[in-house]
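Please read the structure below before turning to the comments.
Residue numbering restarts at 1 for every chain, and letters A, B, ... go by the order of the sequence lines. These values consider heavy atoms only, across backbone and side chains, with no hydrogens, waters or symmetry-generated copies. Given the structure is predicted, the values throughout are model-derived calculations rather than measurements.
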Amino acid sequence: MIPVSRELLGGDADVVAPLLLNKLLVHGSCTGRIVETEAYRPDDPASHSYRGQTARNAAMFGSPGTLYVYFTYGMHYCANVVTGPPGEGAAVLLRALVPVTGQDLMRTRRGGRPALADGPAKLCQALAIGPEHNASDLLGGGPIHLLDDGSAPPAQPLVGPRIGISKSVDAPWRFRVPR
DNA sequence: GGAACGATCTGC
DNA sequence: CAGATCGTTCCC
């Protein structure tokens, strides 16, 4: 059980996104295995970084391994892992986790609903990831950790178009662990 | 200063 | 399938 290497996260977002599959996201007693990711490159019109750095997306321009949390639809938070060299503005959206530890707490945080972390906003709610965690380091002494337990990413991840965006909808930058 | 629009989720 | 709900961005 070791932190994901910063080197691994230094590549292009669409290369790193499938490599994050099967890694673990840990916050306190709650752990989830990452089973769906989505790449956002800086040259992508659908990326928050496309129009340059702003107060909202500043964390995206940090070092690889930085957590970028954003608020959307007036009620939801979503979590990204910053990738690429510092200042580039690339990230991988975490879209789904399979709960590994802390299911009871996750269920409580999810209001008793059965779906715990199978969506980008749901996983933030389940792991209690919020704006206070924006720009924290996932590979260091921060509250949230990105860990490698030795499980390899899938040899043949399912690849498809991204979801919930209106630009670059055809780019095959969504990755999933096959079941 | 104002309006439009979301990297979503839920309940009907 | 539409409503919730508000920060960010962009345009005037």
For the pair made of [atom1] in [X] and [atom2] in [N], what is the distance, rounded to whole Å?
| X | N | atom1 | atom2 | result |
| --- | --- | --- | --- | --- |
| A:Leu116 | B:dC9 | CG | C1' | 14 Å |
| A:His76 | C:dT5 | NE2 | P | 11 Å |
| A:Met60 | C:dT8 | CE | P | 15 Å |
| A:Tyr77 | C:dG7 | OH | C1' | 9 Å |
| A:Tyr50 | B:dG6 | OH | P | 15 Å |
| A:Gln53 | C:dT8 | CD | P | 14 Å |
| A:Asp118 | B:dT8 | CG | P | 13 Å |
| A:Tyr73 | B:dT8 | OH | C1' | 6 Å |

Looking at [N], I'd like to know if its phosphate oxygens (OP1 or OP2) sit under 4.0 Å from a side-chain N or O belonging to [X].
| X | N | value |
| --- | --- | --- |
| A:Arg174 | B:dA7 | no |
| A:Thr54 | C:dT9 | yes |
| A:Arg51 | C:dT9 | no |
| A:Arg113 | B:dT10 | yes |
| A:His48 | B:dA7 | yes |
| A:Arg95 | B:dC9 | no |

Using a heavy-atom cut-off of 4.0 Å across all strands, would you classify A:Ile165 as base, sugar-phosphate, or nothing?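 It contacts sugar-phosphate atoms only.
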
Look at all strands and tell whether A:Ala46 reaches a base, only sugar-phosphate, or nothing, counting heavy atoms closer than 4.0 Å. base

Check whether A:Asp149 reaches the backbone of A:Ser151 with its side chain - one donor and one acceptor, N or O, closer than 3.5 Å.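 Judged by distance alone, yes, a pair lies under 3.5 Å.
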
Counting only N and O atoms by type, is there a donor-acceptor contact under 3.5 Å from the side chain of A:Arg162 to the main-chain atoms of A:Ala39?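 Side chain of A:Arg162 to backbone of A:Ala39, a donor-acceptor pair under 3.5 Å: yes, one is there.
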
[X] has a side chain; which of [options] sits nearest to it?
| X | options | value |
| --- | --- | --- |
| A:Asn80 | B:dA7, B:dT8, B:dC9 | B:dA7 |
| A:Met75 | B:dC9, B:dA7, C:dA4 | C:dA4 |
| A:Phe71 | B:dC9, B:dA7, C:dC6 | C:dC6 |

Where do A:Ile144 and A:Leu127 land on the side-chain contact (heavy atoms from CB on, under 4.5 Å) test, with the steps shown first? CA-CA 9 Å; A:Ile144 304 171; A:Leu127 289 204; 5.9 Å; no

Among A:Ile129, A:Asn80, A:Ile34, find the residue that satisfies the side chain to side chain contact (heavy atoms under 4.5 Å, CB included) test when tested with A:Leu94.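 So, applying the side chain to side chain contact (heavy atoms under 4.5 Å, CB included) to A:Leu94 and each of A:Ile129, A:Asn80, A:Ile34, only A:Ile34 qualifies.
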
Smallest separation among heavy atoms of A:Pro154 and A:Leu21, with atom names: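 So the minimum-distance heavy-atom pair works out to CD-CB, 3.6 Å.
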
Is a donor-acceptor contact shorter than 3.5 angstrom present between the side chain of A:Tyr70 and the base of B:dA7?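 When only heavy-atom distances are counted, A:Tyr70 does reach the base of B:dA7 through a donor-acceptor pair under 3.5 Å.
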
Anything under 30° is parallel, anything over 60° is perpendicular, the rest tilted; go ahead and classify A:Phe71 against A:Tyr77. tilted

Going by purine N1 to pyrimidine N3 plus the second Watson-Crick contact, or the G-U wobble pair, all under 3.5 Å, which nucleotide sits opposite C:dA4? B:dT8

With a centroid cutoff of 5.5 Å and a plane-angle limit of 30°, would you call A:Tyr40 stacked on B:dA7? yes

